[in-house]
Every structure is written in C-alpha cells, then in structure tokens.
Amino acid sequence: MKSWQRLLAVLRKEVWQLKRDRLTFGMIFGIPIMQIVMFGYAINTDVRHIQTAVVDQANTQLSRNLIADLQASQVIKVKYQRQQVADIEYLMKRGKVKIGVFIPEDFGRRIQDNNRPSAQLLVDGSDPIILAAAQQLTALKLQPHTKPLPRQAKLFEVKNYYNPERRSAVNVVPGLIGVILTMTMMMFTAVSLVRERERGNLELLINTPISSMELMIGKVLPYIAIGFIQVTLVLVLGSLLFDVPIAGSLINVYIISLVFVAANLTLGLLFSTLAKSQFQAMQMTFFIMLPSILLSGFMFPFDGMPKAAQWIAEVLPLTHFVRLIRGVMLRAASIPELFPELGILILFTLIMLVLSVLRFHKHLD
Amino acid sequence: MASKGAISCQQLSKYFGDLAAVSQLDLNIPRETIYGFLGPNGSGKSTTIRMLCGLLLPTSGEAQVLGLHIPSQAELLKTKIGYMTQKFSLYDDLSVAENLRFMAQVYNLSPREQKQQLDKAMSVYRLGDLKNRFVGTMSGGQKQRLALAAATLHKPELLFLDEPTSAVDPQTRRDFWESLFDLVADGVTILVSTHYMDEAERCHGLAILDHGVKVADGSPPQLMEDIDAWVVKVEADEISRVRRHLSTLDNVISVTQLGMHLRVLLDKTISQPAVYVQQQCAPLNININASQIEASLEDVFVMATRASHPAGMAA
Ligand SMILES: Nc1ncnc2c1ncn2[C@@H]1O[C@H](COP(=O)(O)OP(=O)(O)OP(=O)(O)O)[C@@H](O)[C@H]1O
Ligand SMILES: [Mg+2]
C-alpha cells in the first residue's frame, strides 16, 4: 500500500516533468514521423533508368518489342547488348548493371506455353529498391503489336541474385516499429537516473524512504504509455503511406510491442545506473542501436549473416521483436506460436530490471 | 526519549582514496538542540552529514542516530530525518506545489496530512504566492525556503541542514533561524553546517572541523571563554605598517585588519598582552593604542584552524 503510493508519486512526477520537456515530447512524435517518412521516400523512390544489360538470343520481332516496352517504362536503360547470360553475370558482379534481361532462343514458343515463364529478369537484389522495381516490371504485359497473345503464365521469371529474402516495404515497416521504439525508449530511461544525478536531485531522492524497485518501476511505467502512442503512430502512418497490412490481430501487435517496449526501457535503465553522465548514457544507447539495426534482420536477412553475428543478434531485443512483429503483421501468427520469442523478451526485461535494481544503491559512493 | 542523545558517533572516518575527508570523529548531540558544524571549505562537513544520513558508508567507525545503528539501519532512519542538501536538490522543472506534493507522497503522508502539511508549509515559509512558480525561476533565498519546507513536511525528528543560508540575504537569514528555533521548540533536533559566525554563535553546541578533524567543540560562550590566546585591539596611524610588523613576530598568532584597527591574537604565555604590543611597536615610532578585549567566535575559529592557515594569513 505504502509502496504503491511511493511508486505512484514517482510516476506522477515523471509525467509532470515529461509534459514540460519539449525536446523529449518532440522526440516522441518526431522520431516516428521522421523515420517513417524517410523510409517512405526510400521505398517509394521512383526508380528510373536502372543500368541494364540485355541478352536477346531470340532476336525476333516479338523479343525486340518486349525490350522496347521495357525501355518505354523508363525503369530500365539498356546499356549493354550481349550474347551470353554469363556476360550479364559478369557485368553485374562488376557493378556495371543492376538488372539483366535474358530472352531465350525459344522465346516465341515459350510465350505460348502456360507453364513456363517466357523470359528472365536477373536482378542484383542486394539493393531492395532495385528488387522492388524489378518486381514492378514483372507486372508488365507484352503489348500485342502483331497478333493477340493467349496470355497465361508470367511473362518474366525474376531471378534474384544476392537477396533471396525479397524484402519490400511491407517487410520494412513492421521492423521499423522496432527500430523507432529502440531509438526512443532506450534513450528515455538511459538518461533518466543520470539526469537526476547530474542535476543533484538524486541526493534528495535517496534520502527518502523510496526503494530502488519503486523508483525503477515508477520511472518505466509512464514510458510504456508513450511506447503505445508511438506504435499506433507508426501503424497508422504505415497503413496510410504504404498500405502495410496487418494480417494478424491488432491486439497481438500491441502485446508484443508492450513486451518489447519494456525490454528497451529496462535496458536503458541499466545504462542509467552504469553511466556517469547523460553523455555516457547516450553513448551506451548508440552502442546498442547500431548492431540492433544492422544485425536484427531489419536491414539484412538474418540467415545470411555469419554465425558470430547471429549469436550477437540473439542477445539484442530487436532481433526477437522483428521476428515477432513480422510474424504477427505478415503471417498472422498467434500468441502461442510466438511464445518462445516472447518468452525471451520477457526474460530479458526481468533480467535488466533486476540488474538495474542491484546496480542502483541508495548511497553516494 | 528526550533524555537520550539524538546523534552519537565514535571514531567515524571517511576516506576518498588517500584523502581523509573525515577522520576519527566523535560526536554527542543532545535532542532538541541546534548543533552547528563550522569549518573551512573541504573540512568534511557535508561528508559527515551524509554519513549520518546513511548516504555515504563510513570507512570505519559507526554512529547511532535516533537510536538506530548507522550504516546498518539507515533505511529505517529515512522517515525520521529530513535533509536539506548543500546544493539545491528539488526539481527545477516542477512548481513549488508539485515539488512539495511529490515529497509528501514519497513520505507516505495521507491525503489529509498532505493538505494540512502543505498549507502549513506555504504559510510558515511564505511560499503561498509562489505556489505555482516553476522552481527553476526562483531566487536563491526562495529556493532555500522551499528546500527547508520540503525537508520538514513529514515532521522529522531530526533535521540535517547543509549550509542552508548560503544564498540568502541577512533579513531572510534571520527569519530562517527563527523558524529553526520554532522547530526546536516543537521537539526537533537540528544539525546545521555554516560558514557564518553569527549563525554558529546561535547554536547550542558547535564543532569546528578542519581537514576532517574536529579541532574544537562546545557551546559558543564556552569556546570563547576557553580560547587559548589573548585578543588585543590596536589602533594607530599607518595601520598597515603596524600590521606588517606585528605579523612577523613569533608570539603573534594572527593579525586581522578591520577598517582602521587591528585585531591581534597573542600567545597566552605572554603576561601583559596590551603592554607587549606597545613595546613591540616602539621601534616603529608610531603612536599606537592597544587594549585587551573579549574573544569572539571568529577568534576561536582562527585559533582552531590556524594549523592550515599560518599566522598573518587569517584575514
Ligand atoms: N565523492 C567524493 N569523492 C572524492 N572526494 C570527495 C568526495 N566528496 C568529498 N570529497 C572530498 O572530501 C573533502 C571534504 O569534503 P566536504 O564536501 O565534506 O567538505 P565541506 O566541509 O562540506 O566543504 P564546503 O564548505 O566547501 O561545502 C574535500 O576535500 C572533498 O574534496
Ligand atoms: Mg559542504
């Protein structure tokens, strides 16, 4: 009872302070909006004139029409005409082209065949934007310049080099929720205790009957609400800007976000007990930010990483969150299916909380 | 209850690395008194207060505060003490009322007590008009009034005040001390550190600290009476020349110039101090007038801390 009162006192105080902290308040809304718009532009960039090599082994009226149509779309620009597929691969490896168009000798026959694609697009998939553009090209219908075609199977088969995972905007936005939450949540709590120390409030605070646990939880709780605001913001913007669908239930999205927010807040809190200054605390959060973004599977496919990197990634909360949120938003996974990953995040949160409480002493030495 | 002391400590020491911030301190502070710590910068006043609050762990030695063993029972002590830190430590980005409410809640005051104590604090410490002001925008004296209000909200039995009046004008200081005596009348014990002689003189008991060592203690009148020096007031023309001359003498402990006269502390072994000064100044061929006077607390302070402030440097 008394403990609750003290916890609530801390919570209320944090909210009062938060309300007046314009910078933090700006960050709550600014970072999600900025991030999603930034990524939005990257994803929506109208890619034009991608350097392309063409191997037209058919060399018929039809195949030349196809190439003309592709050029007319302005997505590609044919730089090289070659004879062999190997030439395309060579050029791609050298970085001279990003896309190769391969039209086989039997193009005329294939186009009548319902079961086989007629031609191949060879794509340097290491750049997701190129990959997305190539996907657009496959939607292209061959204009019946001469005679109507009995259309059927795909005109193109996309052969994706270097990035078998085929990510797209839909894949990025769920992970982006995680990146945004990592950025903001960890920072909020990382500076919170050090700030009290720097401003001299701590000496007064530790002389009161408040316990370490009450203080820690009182500091974490208000930010969980803020995490929810951010999740909502990203979801709304994501669906407005990119039509990102939520295949699973919205409640599940919030449940896993809640756990992930708590994991980041408690990690930040631990930094706050370790750091000597707000600057140090910030450095610590950056120390986690970068590997989180690079190794979590948000940027690069997890399976493609070396074993050591995968091990590091397993320790980062974002890795688990990316799996969870993609599971819910893209594959409509249910909570029981997600439980192992969710369990890891809960365990992580508890460990961080306990470590913070142990690290934080109510004296000054 | 009142018969047992509020604070006692034995051989309390605190080292920061090699530096002895406090060494082998013994204290006995009775309840319902104001006890003062007087000492130059870095003499260990704040460190001692922090140890007695349980905020710093002593390197050696122990203390009993309100009957509780420190450091082991420090948590139990928290609700019974109030601590006003040397550096202002309430929240600049909260208003006066919010700060007080936060403190009241952290100390588990019931809603009724909260209201009662807040109203009382507002009137006693004249904070009513400042109620909704952000603390960051208030003056030093206003902040110190607020800090004292916050430290007394939960009706502590024992108050630690670390240089509570360092930033306030003389009038506010007088009011402040009046409120301290009111608190003592209500049964509170107060331990206060200060650099002001007039404040030190108002304490019931006093300890003078220097380099972490207690170099003198007792009641102010007692300390002044027991001073181990003569005090001679010297008036003369060319007062600076006289000062420079006296400073070189072995039996002169310190010379302080106060406007147009000097205050000279002399070794107690001299039998006729006023005559001694006259004689010593004879070679200067200056007309001087020396007379023996009562010691002040400042003289006591100079005597007690002279080890670190060589003669002639005290001014
Ligand atoms: N946390 C610390 N780490 C290292 N040294 C410290 C620490 N706190 C205090 N000291 C040192 O201990 C000595 C005593 O400091 P303390 O703050 O107790 O002095 P004080 O009497 O309160 O001085 P002031 O009148 O300036 O407030 C000083 O030399 C100070 O530098
Ligand atoms: Mg001090």
Side-chain angles (χ1 to χ4, degrees), chain A residues 1-27 188 191-219 221-222 276 278 357-365, chain B residues 14-17 21 46-47 49-59 70-71 74-95 97-111 114 134-136 147 150-151 153-154 156 159-160 162:
Chain A
M1 185 53 222
K2 281 188 162 184
S3 190
W4 269 108
Q5 193 189 0
R6 291 192 294 254
L7 196 156
L8 281 176
V10 175
L11 196 154
R12 218 173 284 132
K13 185 215 86 185
E14 292 290 320
V15 173
W16 283 332
Q17 289 188 303
L18 199 62
K19 272 196 309 203
R20 279 157 209 160
D21 186 351
R22 296 249 170 119
L23 190 71
T24 303
F25 219 70
M27 254 169 48
F188 288 149
V191 297
S192 72
L193 283 171
V194 220
R195 188 174 50 202
E196 303 241 6
R197 192 188 299 273
E198 279 189 348
R199 293 187 186 170
N201 307 127
L202 200 68
E203 192 171 352
L204 177 96
L205 206 55
I206 60 177
N207 195 51
T208 70
I210 193 136
S211 76
S212 302
M213 189 59 105
E214 290 152 12
L215 184 62
M216 299 293 160
I217 295 181
K219 276 188 167 291
L221 284 181
K276 295 257 185 302
Q278 292 194 59
V357 170
L358 291 179
R359 264 292 309 177
F360 183 77
H361 298 295
K362 280 187 76 184
H363 34 78
L364 295 166
D365 351 38
Chain B
K14 179 72 188 179
Y15 283 79
F16 293 111
S46 301
T47 305
I49 290 177
R50 286 173 176 150
M51 280 194 286
L52 294 174
C53 289
L55 298 180
L56 280 178
L57 296 174
T59 310
I70 298 299
E75 263 328 285
L76 291 174
L77 185 66
K78 301 285 186 214
T79 53
K80 302 181 177 196
I81 59 170
Y83 172 33
M84 183 173 161
T85 51
Q86 178 170 356
K87 180 174 180 291
F88 182 72
S89 56
L90 285 157
Y91 295 95
D92 278 343
D93 47 356
L94 299 188
S95 72
E98 285 167 343
N99 266 300
L100 291 176
R101 223 177 318 150
F102 171 65
M103 291 301 281
Q105 287 165 349
V106 165
Y107 279 103
N108 291 116
L109 266 54
S110 72
Q114 271 181 44
F134 284 118
V135 171
L153 267 186
H154 58 292
L159 258 185
F160 293 97
D162 198 353

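Fair warning: this is a prediction, and the values are worked out from it, not measured in the lab. Reminder, nothing fancy here: chain letters follow the sequence lines and each chain counts from 1.
- Residues A:Leu364 and B:Arg50 form a side-chain contact, since some pair of their non-hydrogen atoms from C-beta on lies under 4.5 Å apart.
- When the candidates A:Val10, A:Asp21, A:Asn207, A:Leu204 are compared by the number of heavy-atom contacts under 4.5 Å with chain B, A:Asn207 comes out ahead.
- Distance OG1/A:Thr208 to CD/B:Gln105: 12.5 Å, rounded to 0.5 Å.
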Legend entry - side-chain contact (heavy atoms from CB on, under 4.5 Å) between A:His361 and B:Leu57, worked out: CA-CA 11 Å; A:His361 298 295; B:Leu57 296 174; over 6 Å; no

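- A donor-acceptor contact shorter than 3.5 Å is absent between the side chain of B:Asp93 and the backbone of A:Gln17.
- Comparing B:Phe16, B:Tyr91, B:Tyr83 by heavy-atom pairs within less than 4.5 Å of chain A, the highest count is held by B:Tyr91.
- A:Lys362 is listed as a side-chain neighbour of B:Glu75, based on a closest heavy-atom distance under 4.5 Å.
- When all heavy atoms of B:Leu94 and A:Lys13 are compared, the closest pair comes out as CD1-CG, 3.8 Å.
- Proximity to chain B is absent for every atom of A:Glu214, based on heavy atoms less than 4.5 angstrom apart.
- Within the 4.5 angstrom heavy-atom criterion, no atom of B:Lys80 approaches chain A.
- Neither the backbone nor the side chain of B:Met84 comes within contact range of chain A; no heavy atoms are under 4.5 Å apart.
- B:Ser89 and A:Gly200 make their closest contact through CB-O, 2.9 Å (heavy atoms, listed as atom of the first residue, atom of the second, distance).
- A 4.5 Å side-chain heavy-atom check between B:Arg101 and A:Arg12 finds every atom pair outside the cut-off.
- In this structure, the side chain of A:Gln5 does not engage the main chain of B:Ser110 through any donor-acceptor pair within 3.5 Å.
- Side-chain atoms of B:Lys87 never come within 3.5 Å of backbone atoms of A:Asn201 as a donor-acceptor pair (strictly under, hydrogens ignored).
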Inset, instruction - Would you sort out whether A:Leu205 and B:Phe102 count as a side-chain contact (heavy atoms from CB on, under 4.5 Å), showing the intermediate values? - result: CA-CA 11 Å; A:Leu205 206 55; B:Phe102 171 65; 3.7 Å; yes

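- Using a 4.5 Å cut-off between heavy atoms, A:Arg20 contacts chain B through its side chain alone, with no backbone atom that close.
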